[in-house]
There are 2 protein chains.
Amino acid sequence: MTGNINKQTRIQGINRSIILDAALEVFSAYGFRGSTIDQIAEKAGMSKPNLLYYFPRKDDIYVTVLEKTLEDWLAPFKDIDPAGDPVAELRKYTIQKLKMSAQQPERSQLFANEILHGAPSIQKFLKSNLKRLVDEKADVIADWIAAGKLAPVDPYHLIFMIWATTQHYADFDVQVRAILPEETAKADFFDKAADSILTILLNGIMPR
Amino acid sequence: MTGNINKQTRIQGINRSIILDAALEVFSAYGFRGSTIDQIAEKAGMSKPNLLYYFPRKDDIYVTVLEKTLEDWLAPFKDIDPAGDPVAELRKYTIQKLKMSAQQPERSQLFANEILHGAPSIQKFLKSNLKRLVDEKADVIADWIAAGKLAPVDPYHLIFMIWATTQHYADFDVQVRAILPEETAKADFFDKAADSILTILLNGIMPR
DNA sequence: CTACATTTTGACCATTCAGTCAAGTTTTTG
DNA sequence: CAAAAACTTGACTGAATGGTCAAAATGTAG
């Protein structure tokens, strides 16, 4: 008895990773229902039955990609430091989220699609893990406010506002590009967006 | 030759409207690919062939619902008055958008889903009509800034920020409810959200 | 090198679903 | 009220798609 239930062979490691990369691209572009196993298999460069050898159900691939995405996605949020300077911490977090939206819009889009359709696969995660984490960070912000370091605003709505604003550039990318065609092509587009957002946001919560 | 190409009979008027209502519900919940004509027909209380008698293709229903949604959705944006007080105008607009998110989340969700998946049906609309409208309102905001009535911020990013923040409460409703279960049930939830958002936003753009 | 385990795939099946069609029912019109 | 127009639907079709299976190919451990 080896007991190595989770042991992966060399080939398994490689192929699972290839599949998950392909799946992220496909699912984020077309949503769960709009994506086909054939599409993912083609992008991954293997036959459909071969893909199903690694992930027996379409849903298995989807859930795995989604879980990986959530981890990455929340990392910078976890990093908000209660001991740091409030404005600096929120600036850092906002910039990090914006960077992620610019560099990995697929992850944001995958998540947005899941939530938009009622979060069928991550309801529990939202209500347990995510809620706990947000409650914790909302407390941190509340403490900052109590210490007079931020204007009195509802911490939860402030968090939502940062999420909404930053993720907008990934999720509504097509719309942003339709309205600012020349701007989005420029190298400094990201900096300008960050600058505008941070100006409004940070002035908005600066203690008066 | 009567030439009444667009003439609708009494029954057509009734049924098209019933179908579009049903379609909004279904498409907003499941997206285009995730929705079936049978679902819409059932919700509309008629047989599938009957529904297809009014809208020969699934895409016809979808595009029609989407176009109606866009009209409603942009109405308050068009109403932003260049002659009004800047802060008052933006407050009014933000509140209206928030109200729409609360009262008609389906419309916001339908639109979000369309954009999220690359706006296959409304690319042209975004690049022509919407762009023109946004350019126009961005000019208004730029004038307000030039007159010293608002802090100097990029008008486009300010508009995106208002859109993102307000629509978040419709599009990410499931997430908001997962994190604020008790809050969302309260009657004054809407007012509190509006208050928090407006505090940050308006303080953020108040001239200094 | 050989025996065993792992990986790969063509062919196939069952279901779902957009859309058709012909025949029947209801509404409108003169 | 009769004829025409408009409306309604059960039964069907073909394509797409998630998933199966058995056999072949490849990799690996001893």
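Chain letters run A, B, ... following the sequence lines, proteins first, then strands; residues in each count from 1. All of these numbers come straight from a predicted model, not from anything done at the bench.
Using a 4.0 Å heavy-atom cutoff across all strands shown, B:Phe55 reaches no nucleic acid atom at all. Within 4.0 Å (heavy atoms only), B:Ile11 reaches sugar-phosphate atoms of the nucleic acid but no base atom. Residue-level contact check: A:Ser47 touches the bases, meaning some heavy atom is under 4.0 Å from a base atom.
In the set D:dC7, C:dG19, D:dT20, the nucleotide with an atom closest to the side chain of A:Leu52 is D:dT20. Taking every side-chain heavy atom of B:Asp38 into account, C:dC17 is the closest of C:dC17, D:dC7, D:dT20. Comparing D:dG19, D:dC21, D:dT8 against the side chain of A:Ile37 picks out D:dG19 as the nearest. Side-chain proximity of A:Arg33 to C:dT7, C:dC17, D:dA11: nearest is C:dC17. With distances taken from any side-chain atom of A:Pro49 to the nucleotides C:dA18, D:dA11, D:dC21, the minimum falls on D:dC21. Distances were taken from every side-chain heavy atom of A:Asn15 (C-beta onward) to each of C:dT8, D:dT9, D:dG19; the shortest belongs to C:dT8.
What separates NZ of A:Lys48 from P of D:dA16 is a distance of 12 Å, to the nearest Å. If you take CG of A:Leu51 and P of C:dT7, they are 14 Å apart, rounded to a whole angstrom. Straight-line distance from the CZ atom of B:Arg16 to the P atom of D:dC7: 10 Å, rounded to whole Å. If you measure from atom OH of B:Tyr54 to atom C1' of C:dG19, you get 18 Å, rounded to the nearest angstrom. Here D:dT8 presents its C1' atom at 14 Å from CD1 of B:Ile18, a figure rounded to the nearest Å. If you measure from atom CD of B:Gln12 to atom C1' of C:dT28, you get 13 Å, rounded to the nearest angstrom. Per the geometry, CZ belonging to A:Arg57 stands 18 Å off P belonging to D:dT17, to the nearest Å. Remark: C1' of C:dT6 and CE of A:Met46 are 14 Å apart, rounded to the nearest angstrom.
Between B:Trp163 and B:Phe160, the angle of the ring planes lies from 30° to 60°, which puts this pair in the tilted group. Ring-plane geometry between B:Tyr62 and B:Phe27 is classed as perpendicular, the angle between the planes exceeding 60 degrees on a 0 to 90 degree scale with a lower cut at 30.
Residues B:Asp154 and A:Lys192 are not paired through a salt bridge, judged by the lack of any N-O separation under 4.0 Å between the basic side chain and the carboxylate. Between B:Asp72 and B:Lys68 there is no salt bridge, since none of the side-chain N atoms of the basic residue sits less than 4.0 Å from a carboxylate O of the acidic one.
Checking the phosphate oxygens (OP1, OP2) of C:dT7, a side-chain nitrogen or oxygen of A:Thr9 falls inside 4.0 Å. The shortest distance between the side-chain N/O atoms of B:Tyr53 and the OP1/OP2 oxygens of D:dT8 is not below 4.0 Å. OP1 or OP2 of D:dT9 lies within a sub-4.0 Å distance of a side-chain N or O belonging to B:Asn50.
Taking the ring axis of A:Phe55 as reference, the NZ or CZ atom of A:Arg16 stays within 45° of it and closer than 6.0 Å to the ring centre. A cation-pi contact, defined as under 6.0 Å to the ring centre and within 45° of the axis, is absent between A:Lys99 and A:Phe190.
Residue A:Gly45 is the one, among A:Gly45 and B:Gly34, whose nearest nucleotide of DNA chain C lies closer to the 5' end (criterion: closest heavy atom). The residue among B:Arg10 and A:Thr36 whose nearest nucleotide of DNA chain D is located toward the 5' end is B:Arg10.
In the interface, the side chain of A:Lys58 is not paired with the base of D:dG19 through any donor and acceptor atom under 3.5 Å apart.
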